[in-house]
Novice: 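The structure that follows is given in the form of structure tokens.
Keep in mind it's a predicted model, so treat the numbers as computed, not measured. Chain letters run A, B, ... following the sequence lines, proteins first, then strands; residues in each count from 1.
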2 protein chains.
Amino acid sequence: MNETDVISALRFHGGRVTKARRAIIQSLLNAKNHITAEELVLMVKQKYPAVHLSTVYRNLEELEKLGIIRHTHFLHSPAIYHLEGQIHIHLVCEICGKIVESPVELFSPVSRELKKTFGFSINFRHFALAGRCSACYEDN
Amino acid sequence: MNETDVISALRFHGGRVTKARRAIIQSLLNAKNHITAEELVLMVKQKYPAVHLSTVYRNLEELEKLGIIRHTHFLHSPAIYHLEGQIHIHLVCEICGKIVESPVELFSPVSRELKKTFGFSINFRHFALAGRCSACYEDN
DNA sequence: TTAAATGCAAAGAATTTGCATAACA
DNA sequence: TGTTATGCAAATTCTTTGCATTTAA
């Protein structure tokens, strides 16, 4: 997934390509990791200072509709956005905020079990899981 | 855990027993299920109309510090509070909002695995897990 | 030219905080 | 009497929305 792909997808869905939008997409692709809306607007502002946070939110929403990105909620912190490809489950330490990324496969058994028992299909990606990292666990 | 126990615990920690506080504790104990701060203040206001939402929040925080209650965050909805004893994991349907409660045991294997692999102790109770109930899953 | 996107300010929702007053102990 | 707790309003944080203006196609 590169800039051209994203632009094509947008055009295909009747979207227009503005400077703000292109800059947002570029920054998003350049950010190797997940990123918050706030961080993203800072990157974009370096080139286009006028771009507003609300524009970033609107574009993130648009890109998520197209299935290009996803967002995940963290504890009491702002949501993070990442490319659809990079799927992992986020574990956040409630004490120190450390983030660990776990492969999805680790959750396959419990997912199957929940589906079987309750008919529930869990989306482990929409929320980060809270807990304690090894260091903070020992301290408490 | 009854009213007397809670009051004792509060007193033991230097807390005072006001009318508002007693009413909050009673309502909390009367609510068989989990309850939001907003719902709780409505119950309390029936007897003491002057009690303010912020007082409820402060008391909930206090009771949580004493280990009497816990709270869980739901999707984009307000947090729910429940007695420490009633522990289960909340699954919320992101489409229809339906809530299913799963026993903690179902998550023991994945908890162990995460501890072993990443040293992370997951607290599955602090956040509800999002997903789709059987009905909404089939529709989409 | 016209529908979509933007910038800005303002609203929302849930929760927290500052502060003067009230009320337990 | 001296804290602790309360009520109220105002602040916070993240995100969304209304609206007039700009801009891409």
Novice: Could you check how far CG of B:L60 sits from P of C:dT15, rounded to whole Å?
Specialist: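 Result: 10 Å.
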Novice: Sequence neighbours excluded, which residues qualify as side chain to side chain donor-acceptor pair (under 3.5 Å) partners of B:R70?
Specialist: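 In terms of side chain to side chain donor-acceptor pair (under 3.5 Å), with neighbours along the sequence ignored, B:R70 is linked to B:E84.
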Novice: If every non-hydrogen atom of B:V51 is compared with every non-hydrogen atom of B:A20, which pair is closest and at what distance?
Specialist: CG2-CB, 3.7 Å
Novice: Taking N or O atoms only and anything under 3.5 Å, show me the protein contacts with nucleotides 20-25 of chain C, one pair per line.
Specialist:
| unit_1 | atom_1 | unit_2 | atom_2 | d |
| --- | --- | --- | --- | --- |
| C:dC24 | O2 | B:R16 | NH1 | 2.6 |
| C:dA25 | OP1 | B:R11 | NH2 | 3.1 |
| C:dA25 | OP1 | B:V17 | N | 3.1 |

Novice: Side-chain contact test, heavy atoms from C-beta onward, threshold under 4.5 Å: evaluate it for A:F118 versus B:E101 and give yes or no.
Specialist: no
Novice: Could you tell me which residues satisfy side chain to side chain donor-acceptor pair (under 3.5 Å) with A:S102, sequence neighbours excluded, listed by chain and number?
Specialist: none
Novice: Using a cut-off of strictly less than 4.0 Å between a heavy atom of the residue and any atom of DNA chain C, enumerate the qualifying residues of residues 62-69 of chain B by number.
Specialist: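 Here the set is empty: none.
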Novice: Applying salt bridge (Lys or Arg N to Asp or Glu O under 4.0 Å), which residue pairs with at least one partner in residues 33-45 of chain B are found, sequence neighbours left out?
Specialist: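 Passing the test, one end in residues 33-45 of chain B: no pairs.
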Novice: Considering residues at least two apart in sequence or located in another chain, which fulfil the side chain to side chain donor-acceptor pair (under 3.5 Å) criterion with B:E62?
Specialist: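 With neighbours one apart ignored, the set is empty.
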Novice: Which residues pass the side-chain contact (heavy atoms from CB on, under 4.5 Å) test with B:E3, not counting sequence neighbours?
Specialist: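 Result, side-chain contact (heavy atoms from CB on, under 4.5 Å) vs B:E3: B:I7, B:R22, B:I25, B:Q26, B:L29.
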Novice: Which whole-number value in Å describes the distance from A:H76 NE2 to C:dT17 P?
Specialist: 12 Å
Novice: Return the set of residues passing side chain to side chain donor-acceptor pair (under 3.5 Å) with A:T55 (not counting sequence neighbours), or none when no residue passes.
Specialist: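 A:T55: no side chain to side chain donor-acceptor pair (under 3.5 Å) contacts found.
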Novice: Could you check, using the six-membered ring where one of them is a Trp, whether A:H34 and A:H90 have ring centers closer than 6.0 angstrom?
Specialist: yes
Novice: Measure CD1/B:I80 against C1'/C:dA14 and give the value in whole Å, please.
Specialist: 15 Å
Novice: Testing A:V44, A:L60, A:V6 one by one against A:L28 for a side chain to side chain contact (heavy atoms under 4.5 Å, CB included), which residue passes?
Specialist: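 Looking at A:V44, A:L60, A:V6, the match for A:L28 under the side chain to side chain contact (heavy atoms under 4.5 Å, CB included) is A:L60.
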Novice: Holding to ring pair (Phe, Tyr, Trp, His ring centres under 6.0 Å), I want the full list of residues that pass it with B:H76, two or more places apart in sequence or in another chain.
Specialist: A:H73, A:H126
Novice: With a 4.0 Å cut-off on heavy atoms, is A:A79 in touch with a base, just the backbone sugar-phosphate, or nothing at all?
Specialist: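 A:A79: backbone/sugar contact only, no base atoms under 4.0 Å.
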Novice: Distances under 3.5 Å between protein N/O atoms and the N/O atoms of nucleotides 16-20 of chain D, please, pair by pair.
Specialist:
| unit_1 | atom_1 | unit_2 | atom_2 | d |
| --- | --- | --- | --- | --- |
| D:dG18 | O6 | A:R58 | NH1 | 3.3 |

Novice: Quick check: do A:K98 and A:V92 have side-chain heavy atoms less than 4.5 Å from each other?
Specialist: no
Novice: Rounded to the nearest angstrom, tell me the gap between atom CG in A:N59 and atom C1' in C:dA4.
Specialist: 11 Å
Novice: What is the distance, to the nearest angstrom, from the NE2 atom on A:H73 to the C1' atom on D:dT13?
Specialist: 14 Å
Novice: Would you be so kind as to tabulate the donor-acceptor pairs closer than 3.5 Å made by side chains of residues 104-115 of chain B, with sequence neighbours excluded?
Specialist:
| unit_1 | atom_1 | unit_2 | atom_2 | d |
| --- | --- | --- | --- | --- |
| B:S108 | OG | B:E105 | O | 3.0 |
| B:S111 | OG | B:F107 | O | 2.9 |
| B:K115 | NZ | B:S121 | OG | 3.2 |

Novice: What is the distance, rounded to the nearest whole Å, between atom CD1 of B:I25 and atom P of D:dA5?
Specialist: 11 Å
Novice: Tell me which residues in residues 39-48 of chain A put a heavy atom below 4.0 Å from DNA chain C, sorted by number, or none.
Specialist: none
